[in-house]
Structures are given as C-alpha cells and as structure tokens.
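Take a look at the structure set out below.
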Amino acid sequence: MPEASGKLTSAPITIRIHERDNVAIVANSGGLPQGTALTSGAVLRDHVPQGHKVALMDLAIDAPVLRYGIPIGFALQAIPAGSWVHERLLRMPDARGLEDLPIATVKPEPLPPLEGFTFEGYRNPDGSVGTRNILAITQTVQCVAGVTEFAVRRIKTELLPKFPNVDDVVALEHSYGCGVAIDAPDSIVPIRTLRNISLNPNFGGEVMVVSLGCEKLQPDRLLPPGSIPLVDKRQGTNAVGQLDVVCLQDDAHVGFMSMVNSIMHHAKDHLCRLNARRRETVPASELVVGVQCGGSDAFSGVTANPAVGFCTDLLVRAGASVMFSETTEVRDGIAQLTARATTPEVAQAMIREMAWYDAYLKHGSVDRSANTTPGNKKGGLSNIVEKAMGSIVKSGASPISNVLAPGEKLKTKGLTYAATPASDFICGTLQLAAGMNLHVFTTGRGTPYGLAEVPVIKVATRTDLARRWHDLMDVNAGTIADGSATIEEVGWELFRLMLDVASGRKKTWAEHWKLHNALVLFNPAPVT
Ligand code: CA
C-alpha cells in the first residue's frame, strides 16, 4: 500500500496552470499570511488559505479572472494584485451554448501503443474479464432487501468458507421496482442500470434474482429472455440461459426460514460454479476503468486529476476501456470535448447527452451551478466552471471515441464519455452498469467512498490529506504540488497499482476496511 510521502516546505508555493492565467493557487499547507512576497512580485494583501486563488496582477471591475487559460469568472469589483480571489468577488460566466461547437476538429498524433502489460483476471464465458470473484444477488424490488440481507449474512457465515475461491457475496439492494411509473419513457434508465449491473464482469455471469412476486418490475422485465448470455459447457442444476429466480410470494414458501433456505439453496449452485473460476494472465486491454472525483478542491485539477488523465492515456494506449462521466462537471468544457470526438456522430451524441441534462436541470429550476458544495468552496473552488476545468482533466488527451447514455453497457475499447450525474454514488452505480471492473476516485477534501462490487482506488490531491488519511488513500498525488514527483511519475504509479489491484495482489484501503456505499439509481422518471 503506498504511503503518504513528500515533505512540506515553508517557502511560499503558488501554482499557475496556464501562461494566460492572472491568478494562481496557494499550495502551502495552512495557506500563506498577509505580507508574503510571491516570486511573481505580488505581495499578499490578505491571508490566502491553501488551495485558494491570489491575484497576480491588478484586475479591473468586470475583468475576466483566468485559470486554466479560460475565464472562470468576472471581477465584481476592482481586485488589486496580491488579493485573495474568492467566490464572492466573482460573477460566473453563462454556460456555453450547444450550437456552433467545434466538431471532431482535434486530430492528435496517435500515441504509440503500450504493449506487454498484463494482469491476472477472471475470464468470463462472454469474453469479459473480472477483477474479483463475487456472487451478486440481484433484486427486482426494495421489498425483498431485508430478507435477502438476512440470507446473505447466513451465506457468508455458513456457505462462503466452503468456497475459498469466491471473494464475497453481495446483495444488490436498491430503491426501485415498485411505487414507480414503470411505463414512463425515462424508466428505461433505472431498469437497464439494474439489468446491466447484474451482468458486471466481476459476477462471472452467475445471475441470481430474488423477487417479491407482485412488483411492477417483474423478473422477466428486468432480465428478458436473451439478455443473459447463453453459456456453453456449464454444468449445474439451472438450465442454460434460464433466469434463476427465488420468488418470496411463491406458495411453496411457508414461513420466513423457508424463504431464507430457498435463497441459500439457489446461492449454493452459483457458488459452486464461481468457486471453479481461476485467474489467468490477460492483457491490460481487458481493464474497464471508470474514473470520477468527489469532494474536490482546487488541487484536484492540478495534481490528482492530471495524474489520472496521464493514466487514462496510458490505458487507451494499452487498448483498455476508460470511462469519464459527471455531466455537470464537464458541461463547461463541452467545446473541448466535441473537438476531441473521433467522429461527428460521437460529438453529436455528447451534445445530445448535455442537452438532455440541461433540460433535466431546468425542469427542477436549477442549472449546473447547483453542483458545487460548501467543501468545494472551502477548498478554493469558486464555482462550477473552475471545478469543471479541473474535473475534465481526468479524461487525458486521448480522442473520445464513444458515448454512453446513463445505464447503458459499454461494448468498446478506448475513451468513452459515459453520461452520468456527478453524484458519487449515482456515477459509480452507472459506471458499474457500464461494466467497470476497476474504479479510480480522486478527492481533495477527503471521502471514504468504496463499493462492494469493484475495487476503488482512491487518489488524494494533497499531501496533508494523504498524511491524515494514510489508511484510506491509496495514492498521494499531493507530491506533484510539493515538487517531489511529476504528473507522469504519479500516473505511472497509479497504472502499476491498477494492475496489482486488478490482479488481486493488492487490496485497496476501501476493500481492506470493507467500506461499501449503497448503489443509488438514477431515476429521472416519476414515482407514484
Ligand atoms: Ca463525483
């Protein structure tokens, strides 16, 4: 497990991202006091907290405040050089319209393929590869969650020790299935999310469903015939390709224990087959990585996200699949995204997803500015424009070759924009549905986020966070701000850690402590 490293220094350190920028952020832990002389010549007129911006020159009223080379806001008053530039001094720019965008205009020189990197994974009958060997119990409706959880506790204590090659048993609890307008057009989002999660590569194709009986989301609606891949050479009590369902309202069940025993009996068949799975050496191209951030600060776009972006490019060069998401956190960068699309069709799909999300937010009488949190602002991020410019960096510089709507399953290699809300749990749930087998999560404020279904590698943006949360953070990208490591070095460290974690040679801290956040569905359709 990587240790927090990098020494703190008392010399003033400010970070300017782009040569056009007229502000820089203060990197020193604890910030810098009033009167500090910066190398740029400016003398601080205020105490500037860590991660917050300082004006490098005099800014007139209405002048653009430039970070990442673009206006993140306009000065509401004259701001003298050396001032603390906080969110109360800035007017946020309007969102870029979705018309007249540059379409597939950037044609980067292809980076050389990255060959020879492998990991030890579980090859599935459908060709996908798992990084863990987990029995997942799918549920059609929240009503069955308590019974399933009771059964899972017994499975873990009574059955799992007999199947040493199986890592875990996970009940896929969720709030959907009944009390919802299931025929509303947008119900396709939660339904396909649940369907595709049950087919995640870490579950080995062993789909098992617990149903109540009277719910709207009936098992054959959740997983219609043909949605489960047909599997050859499979020996077991279940017919090939037939959905395995335990229905609690079935007349055969008399008493609670009869339901629990039924779930355990069905689980045993799946555990037998999962237990026969063995890791084999597979190319790094079998990784399906979802990247996201949560609890961001002004360092996110300087340290952790650029390192993840470098790693994204390594993965694309290795032929792997990488998804970036979080629509409200990339909306302000739409022009650079459509420019990086490989084809006009990919660019149009991105615009379609952004337009849909704009309308979704407008229906709730808000816009993308509803995204930022008190913690983001405390960490130095003035508004969503500044946050988005730091967030989008996770996507690296590779061409964007594919777009997924929320809950869709990924079928291609390369870099994909998987449209999701930025909410950590909803984004993670949708990336799971897309088929993610490894999750990378950056944080500046700190979050103990973890999922039961896939390993989550957490990257700290600051050395101070990595030091205090030394047994929760897997990688310290704060070394980049400290000057003790480069973006490339941390990117390579992350890449190698990913291969170790995917192989099961290393566990993430979230796995070590069994920190599991709930699956949270995105349901844009009405409930009844
Ligand atoms: Ca997030």
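The model shown is predicted, which means the values in this text are computed figures rather than measured ones. Atoms within each ligand, like the ligands themselves, are counted from 1 in listed order.
When the side-chain hydrogen bond (donor to acceptor under 3.5 Å, both in side chains) test is applied to Thr373, the partners found at least two apart in sequence or on another chain are Asn376.
At a cut-off of 3.0 Å, measuring from the Ca ion (ligand 1), the protein N, O or S atoms that fall short of it are Gln292 OE1, Cys293 O, Glu326 OE2, Ala422 O, Asp424 OD1, waters left aside.
For Gln431 and Ser325, the side-chain atoms include at least one donor-acceptor pair closer than 3.5 Å.
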Please report, to 0.1 Å, the donor-acceptor pairs under 3.5 Å made by any side chain of residues 404-414, with sequence neighbours excluded.
from   : atom 1 : to     : atom 2 : distance (Å)
Glu408 : OE1    : Ala405 : N      : 2.9
Thr412 : OG1    : Asn402 : ND2    : 2.9
Lys413 : NZ     : Ser285 : O      : 2.7

Going by atom type alone, with no hydrogens or angles, which donor-acceptor pairs under 3.5 Å involve a side-chain atom of residues 356-364 and a protein atom two or more places apart or on another chain?
from   : atom 1 : to     : atom 2 : distance (Å)
Asp358 : OD1    : Arg331 : NE     : 3.1
Asp358 : OD2    : Arg331 : NE     : 3.2
Asp358 : OD2    : Arg331 : NH2    : 3.1

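Between Asp297 and Arg462 a salt bridge is recorded (basic side-chain N to carboxylate O distance below 4.0 Å).
Annotation: the span from Asn28 atom CG to Ile13 atom CD1 amounts to 5.0 Å, rounded to 0.5 Å.
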